[in-house]
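A short write-up of the structure that comes next.
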Amino acid sequence: MVKFVVVTGGSVSGLGKGTLASSVGVVLRSCGYRVTAIKIDPYLNVDAGTIAPGEHGEVFVLDDGHEGDLDLGNYERALEVKLTKDHNITTGKIYRKIIQAERNGDYLGATVQMVPHVTDAIQEWIECVAHTICVDGLEEHGAADFCLIEVGGTVGDIESSVYLEALQQFFARLDRKDYCLCHLIYIPQIGSEQKTKCAQHSFKALREAGLAADFILGRAESMLEPCTKRKLSVFSGINDRYVIGLPNVKSSYLVPGLLLSQNFGQLLTSKLDMPYRNPHQVTRFYHGLSPVEVWTRIAEREEALKTVPVTQIGFVAKYIGSNDTYLSVVRGIEHSATECMVNAKLVWIHAECLSDPKHAEYEAEWTKLRSCQGVLVPGGFGQRGAEGMVAACGYARKNRIPFFGICLGMQMACVEGARSLLNIPGAGSEEFGAAGSDRVIVFMPETINKAMGGTMRLGRRATHLCSQTENGTLSLAFKLYDQAVTVDERHRHRYEFNMDFHDRLAEHGYRFIGKDESGQRLEVLEIANHPFFLAVQYHPELTSKPGRPNPCFLAFVLASAGKLNSRFQKYDNTLRPGAEFFI
Ligand code: GLN
């Protein structure tokens with residue numbers, strides 16, 4: 001029987017419910033349990049695919065092609081499970097299901113209402129997905145011991161109220177030892193005093209929804225004072241042992257350890273009537289480390305890296321200003337940096353400034369880019385910034401700076417090659433209006449449906465790699481994927497490289513190393529006579545894990561620091577991602 005741990009948030013948004021829920025998952029996994037997760041997004045969009053990342057953070061794509069909230073990525077990384085589209089409940093999906101059923105006549109005779117129809121549909125959905133997990137290679141596939149449910153938004157929002165009602169009804173059907181509610185609140189500090197008024201209001205809102213917290217987690221600048229805990233205990237009606245402090249910490253990787261240090265593991269498992277097992281004695285994990293030890297080690301290594309000379313990575317993108325917009329890419333770099341102990345620092349560069357000499361920041365952005373030891377161009381949509389990305393690709397290619405292009409980044413690298421080497425000044429992407437023989441990047445025939453919403457080439461697909469280059473050396477991609485000839489990575493694109501340019505670019509050293517099953521679609525591009533030029537049509541950031549970075553990221557970080565060749569030598573022309581982390 002699966003146990004439910006629900007995470008809600010009070011007073012303000014952006015407190016880190018996703019980080020908290022992931023960290024609870026890391027704690028439970030460290031006690032030897034199998035944990036899955038459901039993210040509830042109370043918006044009316046069916047999925048996050050059409051929401052701008054500047055608005056809501058990156059769109060995280062699952063194996064099955066679902067375009068979801070970035071927290072699904074947090075969960076996959078923390079829980080080492082594979083999630084599916086059904087692990088992301090949105091109001092759009094629930095309403096769509098209900099309205100379809102109504103049109104089918106499934107409710108014939110009844111008035112279809114929020115209660116019971118919508119609340120029942122939510123409960124049924126949770127029941128359907130909570131009990132099993134599909135694991136990512138480290139643990140077996142099978143029944144889940146715990147299911148985390150994160151309710152997006154803040155208690156008291158109009159949008160989330162129907163979910164709280166559904167949960168209230170759901171809890172009423174369960175045994176008291178089978179569910180637990182963790183409520184995250186904000187404790188502002190004025191002067192030296194920690195203020196609890198916002199928290200009090202949010203307890204009230206929770207109570208009005210018919211719910212009572214089992215744990216209060218107080219996000220604050222510093223550790224909760226005993227008197228703050230006492231007040232919170234009085235106003236929430238729970239014992240102060242169950243009031244847990246979440247002070248600001250240097251790294252989010254420290255949060256599971258912080259929870260454990262306040263006995264959260266024992267308290268949670270005993271509330272849910274499950275045996276507590278000491279994470280330091282549970283040995284069935286990767287290289288003998290429990291998940292919490294892996295996370296703590298990452299934080300320790302981040303600290304140790306501060307004394308290592310910086311390797312600057314120029315991140316040439318459209319949306320600058322929030323880590324959330326490219327969260328998985330940032331994590332991919334972090335996982336790699338802490339694995340190979342390279343002090344990789346991202347330097348954010350506004351792509352649109354690089355292509356326009358009249359732009360006020362043109363010189364400043366180019367100066368930043370020139371100071372970098374590696375250049376990364378991530379994925380993206382729309383024309384804004386695309387010319388700057390082309391310029392960055394050309395700069396990295398001509399100056400032999402390690403380059404890593406992801407999806408749009410690969411497409412812009414191909415456009416740059418066609419313009420500079422094939423003398424086609426109008427070369428471009430059909431996405432941005434290129435026509436006729438200028439179309440280096442073309443609309444993909446299989447996505448004939450020009451409608452928005454789940455219509456791209458999405459999810460996990462196989463890529464076949466050539467092991468050798470034209471001159472008989474091993475290809476970079478073959479080596480970095482530990483000499484695999486087939487790799488599975490996740491995709492999200494509507495346009496692709498036009499194979500009409502294949503032979504002409506190949507004459508200039510463009511190596512089309514990875515293709516899809518049909519051999520007709522470009523997946524991996526490398527360039528001869530360049531220290532490191534790797535561009536991929538897929539999104540390797542979506543499968544990078546703490547301690548086990550995606551090999552494309554690891555290789556790029558190593559190459560930027562000038563350490564890739566020695567790594568290949570050390571491991572016999574393979575990379576062994578994770579090898580250095582788990583020593
Ligand atoms: N906009 C491009 C396409 O649709 C690239 C997509 C991406 O970078 N995810 O093909």
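Position 1 is the first residue of the sequence, and the numbers go up from there. Counting starts at 1 for both ligands and their atoms, following the listed order. Predicted model only: the values in this text are computed from it and were never measured.
Close placement of the F512 and F497 rings is indicated, their centers lying within 6.0 Å of each other. Taking the centre of each ring, F403 and F532 stay at or above the 6.0 Å mark. For H56 and Y43, the distance between ring centers is under 6.0 angstrom. The aromatic ring centroids of H359 and Y362 lie 6.0 Å or more from each other.
Contacts of V310 classified as side chain to side chain contact (heavy atoms under 4.5 Å, CB included), with partners at least two apart in sequence or in another chain: Q312, N343, K345.
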Fill in: Residues F533, F404; criterion ring-ring contact (aromatic ring centres under 6.0 Å, His included); working and verdict
CA-CA 6 Å; F533 197 103; F404 183 24; over 10 Å; no
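The contact shell of ligand 1, taken as protein residues with any non-hydrogen atom closer than 4.0 angstrom, comprises G379, G380, F381, C407, L408, Q411, E431, R492, H493, R494, Y495, H539.
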